[in-house]
Amino acid sequence: MPVPFNLAASLDASLQAAATAAGLETPFAAEVRGADPRHGDFQANGVLGYAKARKLNPRTVAQQLVAALPAEVTAAYEVTIAGPGFLNFALRAAGLLAWLQAHARAEQLATGAATTRAGESWIVDYSSPNTAKQMHVGHLRSAVIGEAIARLLAYSGAKVTRDNHIGDWGTQFGKLIWAYKRHVDTTALARDPIEEFERLYKLGNSAAETDIAIMDEARAELVQLQTGKPESLEVWGQINEASLRAFQKVYDQLGIRFDLTLGESFYNDKVARIYAELTQLGLAQESLGALVVFHPEHPRFKEQPFIIRKSDGAANYASTDLATILYRTEVLKSTGMLYVVDKRQGDHFEQLFITVRKWFTAIHQPVPRLEHVDFGTVLGENNKPLKTRDGENIKLKDLLTEACDRAYTLVCDKNPDLPEAEKRAIAEVVGIGSVQYADLAQNRSSDYLFAWDRMISLEGNTAAYLLYAVARIHSIFRKLGFTPGDPATETAASGLETPTELALARKLVKFPEAIQLAASQMRPHFLCLYLYEVAGEFSAFYSADKVAVDDAPVRARRLLLCARTMLILENGLQLLGLRTLARM
RNA sequence: GCGAGCGUAGCACAAUGGAUAGUGUAGUGGCCUCCGAAGCCAUUGAUGUGGGUUCGAUUCCCGCCGCUCGCACCA
C-alpha cells in the first residue's frame, strides 16, 4: 500500500471515515494537528468539542472512534486516548522508515506537494520599485517575501505569475527631467546612469521645493511627458532602461525572475476608461477638483476618499491599480492576485478592493480573489525605520554587498584554507542567504529589527546554521564515499532505534505539513521554523549517533537519515529562495 | 480626533482555542586522541493590566495603560 505524502491530512481523512463508521453524527471535525513530541506525532482534538456539544462523555466517544479505526492506521500508529479526550497518534518506527523510503528524491516530494493547490492560479505582485531611484532597504521585504510566497504556491501546485508592477510613471519624472535638461553630467551618466539620475532627481526635488517657479516648470515637464512629447519620452526611456538593469542585478542576487514587468506606464492609456465607468456607475464623484470614490456604508471610507484622479487631472496609483486589476481580469484571465506590500498601505488596498468588488459586480465581471499580503517595517537598532547614519535610505545594493563582506570575513576565519574563489562564492551564498532568511524567519506582519550581528552570527535560527547542517551532511558523504539517496545502500537499512534517530525521523516526515501551513497562510516563517528544527534534530543526531560505523545495516539507516535531512533542508531552503552549499 | 496594529524572560523572536507557554542570544556548568566545535548536552529566567466567553485563552470579546502606523491629491 502506498505511503501517503501528507500524513496529517491522510490521518484526518481516516478519522473522518472512522467517525462515519462509528455512527457519529455529522458534522464531525477530527481536527488533526501536529502534537508536542511528548504526546506523539499527531493529535486529534475534535472529540472534545463534539462530545461537549452533545453532552456526551468525550472519552467514550474517543473509544468508539478508536475502535472504528481502519487497520492501516493502527498498524502505522500507536493510538492512545489521553486527558479529557485527546487522541494521540505516535508513528511506529516502521512507519517512519517507510515514509522516508518512499520519499527519497526531490521529485517525489514535489509530486506529493503539488496536489494541495492544483487548479489555483495567482498573480503575485511584488518588489515593484520606482524607476529613477535605486532600490533601498524598504524594497527588501517585498522582494524576499514575495519570491518565497511565489515559490511556495507554485510548489503547492498553483499556477503562479510573477508581476513586477514598477513605478515608472510617477510625478518624480517632472522634476527629474527638469534637472536632466539643465544639469546632466554626461560623463557621470555614462559611468553609472542610475547614480546620476538619482543625483538629478534630488537636485530637481530640492530646487522645486525652494522655488515655486521651478515647481511649475517641473509640472510642465510632467505634462509634456504625459502628452507624449518625443524628447521627453526619450529621456524617460533612458531612465527606465538604466533602472531595470540595476534592478536586475539585485534580482539576480536574490534569485528573483519575473514573468511580467508591467509598470504604471503600461496602464497609462487604460485609466480613462476607469474614470468613465466609475463615474457612470455613480461610484466616483468630483470632490475638491479630484475624482474620488467614497464608500458610504463604511465607517471610515464614507469620509476618507479613494482618490482615483488628482485635481490636476493626472492619474495616481489608485487609477493604475484599478486599471491593472481590470487588465489582469479581462486580458490575463486572472482569478486571484496577491499584493506583497507594506502594511502601511492597508487602507489603500482595502479601498481598492472594495471599489473593485462594487465595480465588477455592476459590470458583471467575475470578481477575482484579491489579497493584500502585508508586512511590517524594517527597523534599525534604535527602533526607527532603518536608515544610514545621516538619515539616508540604505541602498539595497550596498546592503547586500556588506552582507557578503561580513560573510567573507567569517568564512576566512572559520575555513581559511579554502581557495580564494571558493571563499568568495561561499560568502555570497551565506551573505545573501542570511539577509533573506532573517527577513523570512519571522512573522511577516511584525516589524522587523535589522541587526547584522544576529543575522550572520551563525548561531540560532539563521541561514548559516541551516547551511552549515547541509554542508556537514555533504561532508559525510564525501568522506565515506557514498551517494546520497542511493537505493543500493538504503535497502540495507535496519529499523530506527536510538532516540535521536527517531526524533530526527519524526521531524522529517512533517515536511508536508510545514509546506502546507506556510503556503496556506502565506507565511514563510512556518517553513523557516520547521527547517531550523530539522537542522537542530540533525545536529543532535549527528553528535549522538556515529554514521561511520562498521555495522552495515546501522550505517545504511543513518546514511538514509542524512540523505533525507539534506534533501529536505535543500528543498526547503530553495523554496525560500536561498542557495545551498556543499562546503562552507 | 477617528481608525488599524502591537505589548510574551535583559535582548531578539515562536506558539493553526488544547496538555507543564517553546527557541535563540546573553549568564552558569559540562563535551573535541571520535564522520566539520559555524556544533552538542544541562541549567537560570516571561504572557502589560482588569474583567468576560469556554471543559480549556498568549490566542476570541470588552475596559484601561503603553508603543507604532495610517487618515485629500507621493507610492
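Residue numbering restarts at 1 for every chain, and letters A, B, ... go by the order of the sequence lines.
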Would [X] and [Y] pass as an ion pair if we require N to O under 4.0 Å?
X        : Y        : value
A/Glu392 : A/Lys202 : yes
A/Arg579 : A/Glu428 : yes
A/Asp342 : A/Arg141 : no

Every protein N/O lying under 3.5 Å from an N/O of nucleotides 34-36 of chain B:
residue : atom : partner  : partner atom : Å
B/C34   : O2'  : A/Lys546 : NZ           : 3.0
B/C35   : O2   : A/Val547 : N            : 3.4
B/C35   : O2   : A/Ala548 : N            : 2.9
B/C35   : N3   : A/Val547 : N            : 2.8
B/C35   : N4   : A/Tyr542 : O            : 2.4
B/C35   : N4   : A/Asp545 : O            : 2.9
B/G36   : OP1  : A/Ser475 : OG           : 2.9
B/G36   : OP2  : A/Lys479 : NZ           : 2.5
B/G36   : O2'  : A/Tyr468 : OH           : 2.8
B/G36   : N7   : A/Ser475 : OG           : 3.0
B/G36   : O6   : A/Met584 : N            : 3.3
B/G36   : N1   : A/Met584 : O            : 2.9
B/G36   : N2   : A/Met584 : O            : 3.3

As a test of the definition: with a 90° window around 0 for syn, would you call B/C32 syn or anti? syn

What's the gap between [N] and [M] when it is taken at their [atom1] atoms, as a whole Å value?
N     : M     : atom1 : value
B/A42 : B/U25 : P     : 13 Å
B/A26 : B/G45 : C1'   : 11 Å
B/A19 : B/G27 : C1'   : 31 Å
B/U68 : B/C73 : C1'   : 26 Å

Consider the side chain of [X], meaning its heavy atoms from C-beta on, and name the nucleotide among [options] that approaches it most closely.
X        : options             : result
A/His39  : B/A75, B/A19, B/A38 : B/A19
A/Val292 : B/A72, B/A19, B/C41 : B/A72
A/Gln442 : B/G24, B/C73, B/C13 : B/C13
A/Arg33  : B/A14, B/U16, B/G70 : B/U16
A/Tyr532 : B/U23, B/A15, B/C73 : B/U23

In whole angstrom, what separates [X]'s [atom1] from [N]'s [atom2]?
X        : N     : atom1 : atom2 : value
A/Tyr465 : B/A38 : OH    : P     : 13 Å
A/Tyr317 : B/A72 : OH    : P     : 11 Å
A/Leu531 : B/A14 : CG    : C1'   : 15 Å
A/Glu459 : B/U25 : CD    : C1'   : 8 Å

A/His525 vs B/A15: side-chain N/O to OP1/OP2 distance below 4.0 Å: yes

Does a nitrogen or oxygen in the side chain of A/Ser446 sit under 4.0 Å from OP1 or OP2 of B/A14? yes

Considering every strand and a 4.0 Å limit on heavy-atom distances, what is the contact class for [X]: base, sugar-phosphate, or nothing?
X        : answer
A/Leu449 : sugar-phosphate
A/Asn316 : sugar-phosphate
A/Ala464 : nothing
A/Leu288 : base

Have a look at A/Trp169 and tell me which of A/Tyr267, A/Trp236, A/Tyr317 forms a ring pair (Phe, Tyr, Trp, His ring centres under 6.0 Å) with it. A/Trp236

Output all residues satisfying side-chain hydrogen bond (donor to acceptor under 3.5 Å, both in side chains) with A/His372, sequence neighbours left out; order by chain, then residue number. none

Measure the distance between the ring centre of A/Phe86 and the centre of the six-membered base ring of B/A19, then answer whether it is under 5.5 Å with planes under 30°. yes

Flag for A/Thr498-A/Asp545: side-chain donor and acceptor within less than 3.5 Å: yes

I'd like to know whether A/Asn45 forms a side chain to side chain donor-acceptor pair (under 3.5 Å) with A/Arg33, so could you lay out the CA-CA distance, the side-chain angles of the two residues, the decisive distance to 0.1 Å, and finally the verdict. CA-CA 8 Å; A/Asn45 301 339; A/Arg33 42 173 293 166; over 6 Å; no

Working to the nearest 0.5 angstrom, can you tell me the gap between A/Leu561 CG and A/Thr500 OG1? 9.5 Å

